[in-house]
Colleague: 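Here it is, the structure, as C-alpha cells.
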Amino acid sequence: MKGSHKFISELGYAIDTFRPVLKYLQIKKGVDGFACLSYFPNLRKIDSIKEWEIVLLITDLKHNLKSNDNPIAHLLFKAKKNNKNFIRCYIVMDKIYFIKNENLKVNKETRITIFVHEFMHFLSYIYARINNRKFFFEILYKRLSEKIDNLNNKQILELQQFLDKLKPIDDFTNSKYTDDNHFRLGKEDTLLNYSDLYRNFLLSRQLFDEYFNKHDKDKFSSLWQKEEYGEAIGLYKNIAKQIAQEEWLTENFAINQAFSILKEYYVYELL
C-alpha cells in the first residue's frame, strides 16, 4: 500500500503510535477530554486521519439502576459534509463511573475497562479508513451520528467478571467483548488482531517497562539464573500487582498479561 505506515500491521508500532492518544485523554482525572490526531507526530503525517478528533464526554445518560439494558457507554461519530478527512468521535460515558454511588458497585477498574474498550472501536474505524477507503465511507455514512457501540449494565458486568476471573493460563479472547470479531468491521484488510490490541492497550510491555526498572530486571535475571524461580516469579508478580493498583486494572488481568509479556518479550532478554 502506497504511503503505508508500520503501525498498520505491527502490534508494537500500533501501541507506540496510539498509546499517547489514550494517555492524553487522562481518563483518571474524570473530566471531559479532547484530542486531535494532528497533536501527535506519528499521526499528523497521515493526511487521511490527521484531522480526526476524539472526545471523551462524561454525561448523564439517564441511567436506571434497576435496568440492565440502559446504555451507560457508547461511541458515535460526526463528520463535515465538505471535508471527508474530518471525523469527530465521541466516547460517551455515564457519570456514574466518575462519582461515588453506594447503590452501585462502581470501581476504577471498570472505568478503565470501558474506556479502553470504546477506544478500540474507535481504532477499528481508523484502520478501516487507512486500509479500505471505499468500505470506510460506506460504513460511516450508514452509521453516522448513530450510537456505534452500546454497553449496558449487563454487558459491562460480563466483561468485568471475565477480567476479574482471568488466570495466566486463560485465553483473553474467551469473551465476546474481547474477541477480535467484536471490534472488526469486516473489511479493514489489516492483519492486526483487535483482541491483542485491547489487552495491550490495557497493559502493554511499554507500560510494564515503566515499573519494571533495570534494578528489578537485573534482580529477576539473577534469581532465575540461580534457579530461585519462586522468588523471581514473586518479584515479577508484585510488580504486576503494583501496576494493577496504580493503573486501575483488575489484578487478575494484570498478572495474566504480565506473564504474557514475560513470555513474548522478557524471556528472550533476561533469561
Side-chain angles (χ1 to χ4, degrees), residues 15 18-35 54-61 63-65 68 70-75 90-123 149-168 170 172 175 177-178 183 195 197-212 236-261:
I15 299 299
F18 290 109
R19 183 170 171 246
V21 182
L22 199 68
K23 291 177 66 177
Y24 191 88
L25 293 172
Q26 296 183 304
I27 184 66
K28 288 183 183 178
K29 284 193 172 182
V31 296
D32 293 345
F34 167 88
I54 181 167
V55 178
L56 169 63
L57 182 61
I58 302 165
T59 188
D60 185 357
L61 292 176
H63 182 71
N64 183 346
L65 297 179
N68 284 327
N70 283 3
I72 48 181
H74 61 250
L75 193 76
Y90 292 88
I91 295 178
V92 184
M93 294 180 64
D94 196 292
K95 67 180 183 180
I96 61 167
Y97 286 97
F98 301 87
I99 60 176
K100 293 183 179 180
N101 190 324
E102 295 179 357
N103 297 316
L104 189 66
K105 292 183 178 180
V106 175
N107 54 41
K108 296 175 180 178
E109 291 90 345
T110 306
R111 185 195 301 186
I112 300 299
T113 299
I114 296 169
F115 177 61
V116 178
H117 182 274
E118 296 306 305
F119 188 77
M120 286 304 310
H121 282 287
F122 168 68
L123 286 188
D149 179 63
N150 271 326
L151 282 175
N152 59 39
N153 257 348
K154 182 179 178 182
Q155 293 166 335
I156 290 172
L157 181 60
E158 288 177 5
L159 175 57
Q160 198 63 32
Q161 286 179 338
F162 170 73
L163 295 177
D164 287 343
K165 296 177 181 179
L166 205 63
K167 298 178 182 178
D170 292 338
F172 185 70
S175 165
Y177 305 113
T178 59
F183 301 103
S195 181
L197 276 175
Y198 186 23
R199 67 181 175 87
N200 278 280
F201 273 113
L202 285 170
L203 175 52
S204 63
R205 182 260 171 87
Q206 292 89 330
L207 176 57
F208 204 91
D209 258 344
E210 293 178 12
Y211 290 85
F212 195 30
Y236 194 76
K237 284 181 69 174
N238 284 337
I239 293 171
K241 290 178 181 179
Q242 179 188 359
I243 293 174
Q245 183 176 6
E246 297 189 17
E247 299 296 332
W248 301 1
L249 299 173
T250 299
E251 186 173 287
N252 283 343
F253 165 77
I255 293 173
N256 179 68
Q257 178 63 359
F259 281 101
S260 293
I261 293 170

Colleague: When rounded to the nearest 0.5 angstrom, what distance separates CD1 in Ile243 from NZ in Lys241?
Modeller: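 Spacing of CD1 (Ile243) from NZ (Lys241) equals 13.0 Å.
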Colleague: Show your working on side-chain contact (heavy atoms from CB on, under 4.5 Å) between Gln206 and Ile15 and close with a plain yes or no.
Modeller: CA-CA 8 Å; Gln206 292 89 330; Ile15 299 299; 3.6 Å; yes
Colleague: Within a 6.0 Å radius of atom NZ on Lys28, are there more than 12 heavy atoms belonging to other residues, nucleotides or ligands?
Modeller: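 Yes, the 6.0 Å shell around NZ holds more than 12 heavy atoms from other groups.
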Colleague: Hey, does the side chain of Asp94 reach the backbone of Asp60 with a donor-acceptor pair shorter than 3.5 angstrom?
Modeller: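 Side chain of Asp94 to backbone of Asp60: no pair is present.
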Colleague: Answer yes or no: is there a donor N or O on one side and an acceptor on the other, between the side chain of Thr178 and the main chain of Ser175, under 3.5 Å?
Modeller: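 Indeed, once roles are kept as given, a pair shorter than 3.5 Å links the two residues.
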Colleague: What distance do Phe98 atom CZ and Lys29 atom NZ have between them, rounded to the nearest 0.5 Å?
Modeller: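 Between Phe98 CZ and Lys29 NZ, I get 14.0 Å after rounding to 0.5 Å.
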Colleague: Are Ile91 and Leu57 close enough that some pair of their side-chain heavy atoms sits under 4.5 Å apart?
Modeller: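 Not touching, per the 4.5 Å side-chain cut-off.
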Colleague: Is Thr113 close to Leu159 at the side-chain level, that is, under 4.5 Å between some pair of heavy atoms?
Modeller: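 Yes, their side chains come closer than 4.5 Å.
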Colleague: Please tell me whether His74 and Tyr90 form a close aromatic pair, meaning their ring centres lie under 6.0 Å apart.
Modeller: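 No, the ring centres sit 6.0 Å or more apart.
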Colleague: Kindly compute the distance separating CG (Leu75) from CE (Met120), expressed to the nearest 0.5 Å.
Modeller: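 Here the interatomic distance stands at 11.5 Å.
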Colleague: Are a donor atom and an acceptor atom from the side chains of Thr250 and Gln160 found within less than 3.5 Å of each other?
Modeller: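 Yes.
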Colleague: Working to the nearest 0.5 angstrom, can you tell me the gap between Lys154 NZ and Leu157 CG?
Modeller: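 The NZ atom of Lys154 sits 10.0 Å away from the CG atom of Leu157.
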Colleague: Is any side-chain heavy atom of Ile156 closer than 4.5 Å to one of Asn152?
Modeller: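 A side-chain contact is absent here, since even the closest heavy-atom pair is not under 4.5 Å.
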Colleague: For salt bridge (charged side-chain N to carboxylate O under 4.0 Å, His left out), just list the numbers for Glu210 and Arg19, CA-CA rounded to whole Å, side-chain angles, deciding distance to a tenth of an Å, and then say yes or no.
Modeller: CA-CA 14 Å; Glu210 293 178 12; Arg19 183 170 171 246; 2.8 Å; yes
Colleague: Report yes if the side chains of Leu56 and Asp32 come closer than 4.5 Å at any heavy-atom pair, otherwise no.
Modeller: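 No. Closest side-chain heavy atoms not under 4.5 Å.
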Colleague: Under a 4.5 Å cut-off applied to non-hydrogen side-chain atoms, are Tyr236 and Ile261 in contact?
Modeller: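 Tyr236 reaches Ile261 side chain to side chain.
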Colleague: To the nearest 0.5 angstrom, please state how far the CG atom of Leu22 sits from the CD1 atom of Ile112.
Modeller: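 Those atoms lie 8.0 Å apart.
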Colleague: With a 4.5 Å heavy-atom cut-off, do Leu151 and His117 have their side chains touching?
Modeller: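 Result yes, sub-4.5 Å side-chain heavy-atom pair found.
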Colleague: So does Glu247 pair up with Arg111, basic N to acidic O under 4.0 Å?
Modeller: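 So Glu247 does not pair with Arg111 through a salt bridge.
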Colleague: Parallel, tilted or perpendicular: which describes the rings of Phe119 and Phe122, with under 30° parallel and over 60° perpendicular?
Modeller: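 Correct class here is tilted.
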Colleague: Taking the ring centre of each residue, are Phe162 and Tyr177 less than 6.0 Å apart?
Modeller: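 No: the rings miss the under 6.0 Å criterion.
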Colleague: With heavy-atom distances below 4.5 Å as the criterion, would you say the side chains of Phe208 and Gln257 are in contact?
Modeller: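 In short, these two side chains do not touch, never coming nearer than 4.5 Å.
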Colleague: Grab the two heavy atoms, one from Ala240 and one from Ala254, that are nearest each other, plus how far apart they are.
Modeller: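 Scanning both residues, the minimum pair turns out to be O-CB, 3.7 Å.
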Colleague: Are Phe115 and Tyr97 an aromatic pair, judged by ring center distance below 6.0 Å?
Modeller: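 No.
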Colleague: Does atom CD (Glu246) have a neighbourhood of more than 12 heavy atoms from anything else shown, all under 6.0 Å?
Modeller: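 Atom CD in Glu246 is packed in, count exceeds 12.
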Colleague: Could you give the distance from CG (Leu197) to CZ (Arg199), rounded to the nearest 0.5 Å?
Modeller: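 Output value for this atom pair is 9.5 Å.
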Colleague: Indicate yes or no: at least one non-hydrogen side-chain atom of Ile27 is less than 4.5 angstrom from one of Met93.
Modeller: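 A side-chain contact exists here, since the closest heavy-atom pair is under 4.5 Å.
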Colleague: Looking at every heavy atom in both Phe34 and Val55, which two are closest together, and how far apart are they?
Modeller: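 What the structure gives for the nearest pair is CD1-CG2, 3.7 Å.
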Colleague: Any chance the rings of Phe253 and Phe172 have centres within less than 6.0 Å?
Modeller: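 That pair passes the under 6.0 Å test.
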Colleague: Parallel, tilted or perpendicular: which one describes the rings of Phe183 and Tyr198, with boundaries at 30° and 60°?
Modeller: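 Judged by the thresholds at 30° and 60°, the geometry between Phe183 and Tyr198 is perpendicular.
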Colleague: List the atom of Ala73, the atom of Ile114, and the distance in Å for their closest heavy-atom pair.
Modeller: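 Between these two residues, the closest heavy atoms are CB-CG2, 3.5 Å.
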